[in-house]
Amino acid sequence: MFKVIKQEGRARRGRFLCAHGGEVQTPVFMNVGTQGAIKGAVSAHDLKALKCQIELSNTYHLHLRPGDEVVRALGGLHKMMDWDGPILTDSGGFQVFSLAGLRKITEEGVTFASHVDGRRIFMGPEESMGIQSRLGSDIAMAFDECVENPAPYDYVKQSCERTVRWLRRCKAEHDRLNALPDCVNPRQMLFGINQGGTYEDLRVWSMQESAKVDCDGYGIGGLAVGEETAVMYRILDVTLPHAPEDKPRYLMGVGTPSNIIEAVWRGVDFFDCVMPARNARHGKLFTWSGSLNIKNEKYKLDERPIEPGCGCPACRSFSRAYLRHLFKAEEMLAMRLAVMHNLWFYNTLMERIRDALDAGEYDAFRAEYSRKVEERI
RNA sequence: GGGAGCGUUCCCGAGUGGCCAAAGGGGGCAGACUGUAAAUCUGUUGUCGACGACUUCGGUGGUUCGAAUCCACCCGCUCCCA
């Protein structure tokens, strides 16, 4: 399923096999399409043109709309959105965090007030697995609690212990569902999730316990939720040595280009983040020499592409000045082009990370770009 | 020709004696955004040698301790009747 083909320090260059789309080259960035579409009017077909290897969707959102039974009736998520590559579904654990004002947590699971219509919905490990099974994704994420930061030690301890108990329930239910004769995707895999906030002992414990459950990969959750970047890196430093070597590690929801470069260095293989798409919608675009706000007045007459030499659909044809105009005029095309640029940038970033690892020059790559991509141009 | 209104800072538009450099939108300028309740949110937007000062509410003159607010005339615009 997963094979590390080259290693430099803790950084890994690998290959991962999925039911759909064949081999995934890692390190990889998964492009986020929460509701089965990338926000900004970008389709699965566009993702292909943007060098996307894996798409990510959300259990909670698709359960609310259109409903996982509807998706199943439509032949599963791949068929519905016409994407034949791998799909990872997030379990809804992040919504336990982001919809904090609208939920209640017990050992059984979490009761949410739907943000769509306010109705009560219950989701526990079994429910999340059931929904993800009906969606037919290639990778299901375990149902966890993404704890806010900061949070007291005692709460984080009890929460991450419960997340481990939930993982065992997820695993049992996942195996049962995959064996059913009418399973949408019987080759669906399951990733466990490490939690523990900013407490190193809890992180290590969580990783060790999760590793005892036979998962296809392990997510590192609950990071980049307000803590200092240095704290996130330290958690990766102390936690990843306890993750199984032969399974992929997925740093959930992270992050900036620099975060990714640094996390790869610490042994992470999978990433996802709303940042490239959301920032693009808001006019912040990434380049190899830093980020820029295309809405700024200084681009009014700038006839250069966002990034000279970039091969994305926006840069191949359009100027900064035109893109700025489209943003100012609130044309949909502005967001679409901007999102495509940022996703292309992220997917290209991963490509270059892989190339550097293949060449055994990752340390040099990291030294050159980790700081540079954070600058403001 | 007769009658009734209106003119506010880039725009629209509140304000009808002091608490008004003047509400609220829009527009402009800038910032934030990390497993997406986000095409969202925040700041700022008269000038300056700036915890104070100066200029501004069509124009001019007046009343008043004090005027965007009251009075007179003038300019411009709108509507109704002829």
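Numbers restart at 1 for each chain; the letters A, B, ... are given by sequence-line order, proteins then strands. Computed from a prediction, not measured in an experiment: that's the story for all the values here.
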For C29(B), does either OP1 or OP2 sit under 4.0 Å from a side-chain N or O belonging to Lys328(A)?
-> yes
Counter-base of G1(B), judged by Watson-Crick or G-U geometry with both distances under 3.5 Å | C81(B)
May I ask you to say what Gly222(A) touches in the nucleic acid, namely base, sugar-phosphate or nothing, with a heavy-atom cut-off under 4.0 Å?
-> base
Under the 6.0 Å and 45° cation-pi test, does Lys48(A) pair with Trp83(A)?
-> yes
Could you tell me if the ring centre of Phe29(A) sits under 6.0 Å from that of Phe270(A)?
-> no
Expressed in whole Å, how much space separates the P atoms belonging to U42(B) and G25(B)?
-> 10 Å
Between Lys51(A) and Trp344(A), is NZ or CZ placed under 6.0 angstrom from the six-membered ring centre and within 45° of the ring axis?
-> yes
Rounded to the Å, how far apart are Met123(A) CE and G35(B) C1'?
-> 14 Å
Scan Gln35(A) against the nucleic acid and name what it touches under 4.0 Å (heavy atoms): base, sugar-phosphate only, or nothing.
-> nothing
So what does Asn58(A) touch, heavy atoms closer than 4.0 Å: a base, only the sugar-phosphate, or nothing?
-> sugar-phosphate
Does the pair Asp237(A)/Arg234(A) count as a salt bridge with the N-to-O cut at 4.0 Å?
-> no
For Leu251(A) and G35(B), give me the distance from atom CG to atom P, rounded to whole Å.
-> 11 Å
Within the structure, does a side-chain N or O atom of Arg65(A) lie under 4.0 Å from either OP1 or OP2 of U36(B)?
-> no
Rounding to the closest angstrom, what is the interatomic distance between A72(B) and G49(B) at atom C1'?
-> 41 Å
Using a heavy-atom cut-off of under 4.0 Å over every strand shown, decide if Arg249(A) touches base, sugar-phosphate, or nothing.
-> nothing
Counting only side-chain N and O atoms of Arg376(A), is one of them less than 4.0 Å from OP1 or OP2 of A30(B)?
-> no
If pairing requires Watson-Crick or G-U wobble contacts with both distances under 3.5 Å, which nucleotide is the partner of A38(B)?
-> none
Spacing between Leu292(A) atom CG and A32(B) atom C1', to the nearest angstrom = 16 Å
Pairwise C1' distance for C70(B) and G17(B), with rounding to whole Å | 8 Å
If pairing requires Watson-Crick or G-U wobble contacts with both distances under 3.5 Å, which nucleotide is the partner of C54(B)?
-> G46(B)
Given A30(B), A39(B), A37(B), which nucleotide is nearest the side-chain atoms of Asn296(A)?
-> A30(B)
If you find the nucleotide of RNA chain B closest to Met335(A) and the one closest to Lys300(A), which residue's nucleotide is nearer the 5' end?
-> Lys300(A)
For the pair made of OH in Tyr250(A) and C1' in U34(B), what is the distance, rounded to whole Å?
-> 11 Å
Ignoring hydrogens and angles, tell me if any N or O in the side chain of Gln188(A) forms a donor-acceptor pair with the backbone of Ser137(A) under 3.5 Å.
-> yes
Can you tell me how far C1' of C33(B) sits from CZ of Phe94(A), to the nearest Å?
-> 12 Å
Can you tell me how far C1' in C77(B) sits from the matching atom in A30(B), rounded to whole Å?
-> 38 Å
Check the distance between G27(B)'s C1' and Glu330(A)'s CD and give it to me in whole angstrom.
-> 11 Å
For the base of G35(B), is there a side-chain donor-acceptor partner from Glu145(A) under 3.5 Å away?
-> no
When the P atoms of G3(B) and U8(B) are considered, how many whole Å apart are they?
-> 26 Å
Pairwise C1' distance, A67(B) and G15(B) [rounded to whole Å] = 13 Å
Is there a side-chain contact between Val184(A) and Leu135(A) (heavy atoms, below 4.5 Å)?
-> no
Just call it for Leu102(A): base, sugar-phosphate, or nothing, with non-hydrogen atoms closer than 4.0 Å on any strand.
-> base
C1' spacing across the pair A14(B) / C79(B), given as an integer number of angstrom = 23 Å
Spacing between Phe143(A) atom CZ and G35(B) atom P, to the nearest angstrom | 17 Å
Met332(A), nearest nucleotide to its side chain (from A39(B), G35(B), A37(B)) | A39(B)
Under the side-chain contact (heavy atoms from CB on, under 4.5 Å) test, which residues partner Val110(A), sequence neighbours left out?
-> Val96(A), Arg103(A), Ile105(A), Phe112(A), Phe143(A), Trp166(A)
Phosphate OP1/OP2 of A30(B): any Asn293(A) side-chain N/O under 4.0 Å = no
When the ring centroid of Phe286(A) is compared with that of Tyr346(A), is the distance short of 6.0 Å?
-> yes
Select base, sugar-phosphate, or nothing to describe what Glu227(A) touches, counting heavy atoms under 4.0 Å on all strands.
-> nothing
Here the residues of residues 259-290 of chain A within 4.0 Å heavy-atom distance, strictly under, of RNA chain B are Asn259(A), Asp272(A), Cys273(A), Val274(A), Met275(A), Ala277(A), Arg278(A), Asn279(A), Arg281(A), His282(A), Lys284(A)
Report yes if a side-chain nitrogen or oxygen of Thr256(A) is closer than 4.0 Å to either non-bridging phosphate oxygen (OP1 or OP2) of U34(B); otherwise report no.
-> no
Could you measure between the two P atoms, the one in U69(B) and the one in G58(B), and give it in whole Å?
-> 8 Å
Pairing partner of C73(B), by Watson-Crick or G-U wobble and under 3.5 Å for both distances, is G59(B)
Answer yes or no for Arg266(A) and Tyr233(A): cation-pi contact, defined as NZ/CZ to six-membered ring centre under 6.0 Å and angle to ring axis within 45°.
-> yes
Parallel under 30°, tilted from 30 to 60°, perpendicular over 60°: which one fits the rings of Tyr362(A) and Phe365(A)?
-> parallel
Return the value, rounded to whole Å, for the distance between atom NZ of Lys295(A) and atom P of C33(B).
-> 14 Å
